[in-house]
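Structure record follows, encoded as structure tokens.
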Amino acid sequence: MGGHFSPGYAERPWGDGSFPPLYCPLTARIDDNLALVVNDRLVEWAAEVGIYAGRLDKFRNTGFGRLAVLGHPETDDVDALLLAAKMNAAWWACDDYYADESDLGATPTELPPRLALVMSAMDPPPDAGRYTAQVEEAVRSDPVLVALRSATGHLKRHAGPSQVMRVLNTTFQMYVSWTAYAAWRHLGELPPVWRYLAARQHDSFYTSMTLVDVVGGYQLDANLFYEPRVHRAVMQAGTASVIVNDLHSVEREAADDLPDCNVVLLIAEEEGCPLEEAVRAAVAMHNDFVRGFEDSQRELASVPSAELQRFLLGVQSWMAGCLEWHGASDRYT
Ligand SMILES: CC(C)=CCC/C(C)=C(\C)COP(=O)(O)OP(=O)(O)O
């Protein structure tokens with residue numbers, strides 16, 4: 001079994017080291033041999049389903065397999081880690097092809113109907129005769145949908161029904177925020193920071209964290225997962241991790257013909273301040289969310305559920321692995 005223990009929290013340097021550190025959990029396991037195994041299998045799968053065709057070298061160097069190994073130190077089980085790698089890669093493919101990357105065909109006006117079809121790819125609705133046949137044809141012809149369906153199939157081999165629905169419903173909820181970004185992009189409007197954050201907190205790595213127990217090989221009961229204090233803790237962790245993403249992707253997101261929403265860019269615009277100052281503000285916001293998670297974790301320590309304590313430690317590990325991964329992935333350098 002991997003190193004499932006808490007190495008604690010620390011102020012961690014990031015980027016070129018010139019900004020204030022991110023207060024974050026320390027990484028429990030760095031195993032680049034295991035990461036290579038998972039990543040190689042992930043690239044084989046990507047070739048089979050057809051995502052990132054012609055760009056597989058770049059996809060390999062992004063290292064979603066490494067993200068899975070860093071984020072789930074609880075297990076060495078390659079098939080379980082591959083499930084996390086596939087789900088995250090498929091979510092990201094959806095983001096790149098539908099939402100963010102103009103050169104991959106992303107357009108704001110097509111995004112809402114595409115996301116609506118994602119729901120049917122991941123959660124096929126009851127048979128509607130020849131209309132269902134048309135849905136199936138559409139799913140088969142789009143590699144992003146094939147990837148999402150295939151990853152969901154892998155999920156179903158490891159998860160119980162409430163875990164599966166938790167992952168699906170969180171995915172669909174996240175897409176409501178994506179449609180907001182698409183509307184702002186289409187209208188050429190920049191949202192105020194509060195409005196962006198309200199959307200981003202429902203479009204965060206909370207989604208990735210819904211896999212923590214599935215990958216760990218146990219089940220956190222749905223009533224505990226959705227217990228308000230637990231939900232708040234996972235939202236705090238998911239938000240902190242997504243601010244890490246915004247901090248690492250400022251340049252990439254400013255470069256697209258239609259720039260993405262990004263908390264750093266929006267703070268700079270709203271405050272009329274230099275980017276450096278906006279980065280500091282985002283770091284402070286991140287650190288507050290991590291401290292909030294730590295407080296929640298302390299408050300929940302008295303709940304007599306081994307699964308819950310294990311889950312919270314898994315979420316803590318995911319935050320740590322996420323920072324580790326963003327600092328090294330070719331996607332952000
Ligand atoms: C992989 C996953 C669960 C995605 C959820 C949404 C999310 C946090 C991202 C896709 C990351 O946001 P963003 O589009 O800003 O990411 P990149 O900077 O493009 O990597």
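Because the structure is a prediction, the values reported are computed rather than measured. Sequence positions, counted from 1, serve as the residue numbers for this chain. Start at 1 and go down the list; that is how both ligands and their atoms are numbered.
- Of all the heavy atoms of H248, none lies under 4.0 Å from any atom of ligand 1, so neither backbone nor side chain is involved.
- Residue, atom and distance of the protein heavy atom nearest to atom 8 (C) of ligand 1 are V242 CG2, 3.3 Å.
- You'll find the ring centres of Y175 and W178 inside the 6.0 Å limit.
- Distance from atom 7 (C) of ligand 1 to its nearest protein heavy atom, with residue and atom name: D203 OD1, 3.9 Å.
- For atom 15 (O) of ligand 1, the nearest non-hydrogen atom of the protein is E253 OE2, 2.7 Å.
- The nearest protein atom to atom 1 (C) of ligand 1, hydrogens excluded, is given as W92 CE3, 3.3 Å; this is a heavy-atom distance.
- Salt-bridge formation is not detected for the pair D288/R291: no Lys NZ or Arg NE/NH1/NH2 atom is positioned less than 4.0 Å from an Asp or Glu carboxylate oxygen.
- The residue from V38, L148, L42 that alone fulfils the side chain to side chain contact (heavy atoms under 4.5 Å, CB included) condition with K86 is L42.
- In this structure, atom 12 (O) of ligand 1 lies nearest to the protein heavy atom R200 NH2, 3.0 Å.
- Under 4.0 Å from ligand 1, the heavy atoms of D100 that appear belong solely to its side chain.
- R166 and D213 are joined by a salt bridge, as a carboxylate oxygen and a charged side-chain nitrogen come within less than 4.0 angstrom of each other.
- The closest protein non-hydrogen atom to atom 19 (O) of ligand 1 is R331 NH2, 2.9 Å.
- Near S249, meaning under 4.0 Å from any of its heavy atoms, are these atoms of ligand 1: 18 (O).
- Closest to atom 5 (C) of ligand 1 among all protein heavy atoms lies M174 SD, 3.3 Å.
- Aromatic pair Y332/W325: centroids less than 6.0 angstrom apart.
- Of all protein heavy atoms, the one closest to atom 20 (O) of ligand 1 is Y332 OH, 2.5 Å.
- If you number the atoms of ligand 1 from 1 as listed, the ones under 4.0 Å from a heavy atom of S208 come out as 3 (C).
- Annotation: H326 is not in aromatic contact with W14 [ring centroid separation under 6.0 Å not met].
- Aromatic ring centres of W91 and Y206 lie farther apart than the 6.0 Å criterion allows.
- With hydrogens and angles left out, the side-chain atoms of Q236 and S296 include a donor and acceptor closer than 3.5 Å.
- Distances below 4.0 Å separate heavy atoms of N88 from the following atoms of ligand 1: 1 (C).
- Look at R66 and D32 and you find a salt bridge, because one of the NZ, NE, NH1 or NH2 atoms lies within 4.0 Å of a carboxylate O, short of that distance.
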